[in-house]
Amino acid sequence: MMMPMPSRVTVSSVLRGAGWFVNGLKNKYASTVCLMNPWSGEALTDNHINQQVGFEMKRLLLCVLLLVLLAGCGTRRHEMVFEAGHTALPSDATYSVGTVLDQSGFVFPEDENRTDIAQSMEFSLVAALREEGMYKEEGASYSIDVRILEYEPGNAFGRWLLPGVGSTVLQATSRVGDSEDVVGNIETRNTIDAGGASTINAWRTIFKDGAAEIVKELKESMGLLVKKKQ
């Protein structure tokens with residue numbers, strides 16, 4: 001099932017939260033008949049109240065800015081497309097990782113950090129399956145063959161300057177089957193579209209994210225996880 005995962009920080013949520021915050025401050029400072037300045041002992045006027053609200057707003061915006069600098073926002077999607085005659089996977093199925101091919105066409109520049117794209121995906125998927133107790137190198141119920149369709153390492157500085165610029169992208173299709181039959185294909189897409197400091201290594205960690213989406217879809221198709229409605 002294709003599921004866009006909401007970003008951890010969204011513009012609408014920040015604006016909504018800021019609106020509630022401001023209204024709460026105004027109610028707080030206006031609810032008392034006579035507010036006193038604790039230093040001068042004078043009654044607070046509307047100007048005093050507005051200044052206090054402005055001060056609190058600056059603190060809120062600073063917190064939001066720090067959150068955006070540290071957080072990474074993006075999408076995570078997965079969907080199993082079953083072949084005819086198949087609607088689910090056995091709940092006790094195990095998996096090995098077969099062929100992993102990089103068909104993205106991306107080539108790292110000579111002067112940049114680089115990784116073997118196919119190997120990174122393979123290692124991440126094996127690790128994710130092992131963590132869930134679903135990996136079996138020999139005698140597994142099914143084999144997973146992965147084709148990486150799109151890969152972009154992105155740029156953390158670009159994401160920090162303008163969300164959507166410098167996105168890190170990983171899109172793959174994973175064939176699930178045995179030696180005689182193909183059960184289905186898992187389509188996944190992961191992106192990191194915004195964020196700063198914590199997304200510097202997204203060009204490497206996105207393989208772990210992509211592998212996690214494959215395993216999540218397997219568990220949903222096995223009935224081990226409840227599929228969320230879109």
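The two residues S141 and D178 make their nearest non-hydrogen contact at O-CB, 3.9 Å. The two residues I117 and F207 have their closest heavy-atom pair at O-CE2, 3.6 Å. For the residue pair M121 and A211, the shortest heavy atom distance occurs at CE-N, 3.6 Å. Summarising the geometry of I186 relative to I214, their closest heavy-atom pair is CD1-O, 3.9 Å, with the distance given to 0.1 Å. Taking both residues in full, the closest heavy atoms of V183 and H86 are given as O-CB, 3.8 Å, listed atom of the first, atom of the second, then distance. Shortest non-hydrogen contact noted between R76 and D209 is NH2-OD1, 3.8 Å.
Note that CG of N155 and CD1 of I192 are 13.5 Å apart. Values are rounded to the nearest 0.5 Å. In this structure, CE in M222 is found 12.0 Å from CD in E220, a value given to the nearest 0.5 Å. The structure places CD1 of I200 at 11.0 Å from OG1 of T205, a figure rounded to the nearest 0.5 Å. Note that CD of E217 and OG1 of T188 are 10.0 Å apart. Values are rounded to the nearest 0.5 Å. Going from atom OG of S124 over to atom CG of L170 covers 9.0 Å, rounded to the nearest 0.5 Å. To the nearest 0.5 Å, atoms CG (N201) and CG (N113) are separated by 8.5 Å.
Under the 3.5 Å distance criterion, the side-chain polar atoms of T168 are matched with a main-chain donor or acceptor of P153. Remark: the backbone N or O of A172 is not paired with any side-chain donor or acceptor of R147 at under 3.5 angstrom.
Judged by distance alone, the side chains of E187 and T173 do bring a donor and an acceptor atom under 3.5 Å apart. Residues S167 and T191 have side chains that never bring a donor and an acceptor to within less than 3.5 angstrom of each other.
In this structure, Y151 and F108 have tilted ring planes: the angle between them lies in the 30° to 60° band.
If you chain together hydrophobic residues whose side chains sit under 4.5 Å apart, V176 and F82 fall into the same group. Side-chain heavy atoms closer than 4.5 Å link hydrophobic residues (I, L, V, M, F, W, Y) into clusters, and following such links, even through other members, never connects I206 to L149. Note on I148: it clusters hydrophobically with V126, by side-chain heavy-atom contacts below 4.5 Å among ILVMFWY residues.
Put simply, the side chain of L89 reaches to within 4.5 Å of the side chain of Y95, judged on heavy atoms.
When each of E83, M80, E79 is checked for a side-chain contact (heavy atoms from CB on, under 4.5 Å) with N185, only E83 meets the rule. When each of L225, L125, I144 is paired with V215, the side-chain contact (heavy atoms from CB on, under 4.5 Å) condition holds for L125 and for no other.
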From CA spacing to verdict: side chain to side chain contact (heavy atoms under 4.5 Å, CB included), S96, Y142: CA-CA 6 Å; S96 62; Y142 301 101; over 6 Å; no
Residues V146, E122; criterion side chain to side chain contact (heavy atoms under 4.5 Å, CB included); working and verdict: CA-CA 8 Å; V146 183; E122 180 181 357; over 6 Å; no
Test side chain to side chain contact (heavy atoms under 4.5 Å, CB included) applied to M134 and L218, step by step: CA-CA 10 Å; M134 297 163 59; L218 288 172; 3.9 Å; yes
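Within a 6.0 Å sphere centred on CD of E150, heavy atoms belonging to other residues, nucleotides or ligands number more than 12.
For the pair E132 and K219, the salt-bridge criterion is met [side-chain N within less than 4.0 Å of a carboxylate O].
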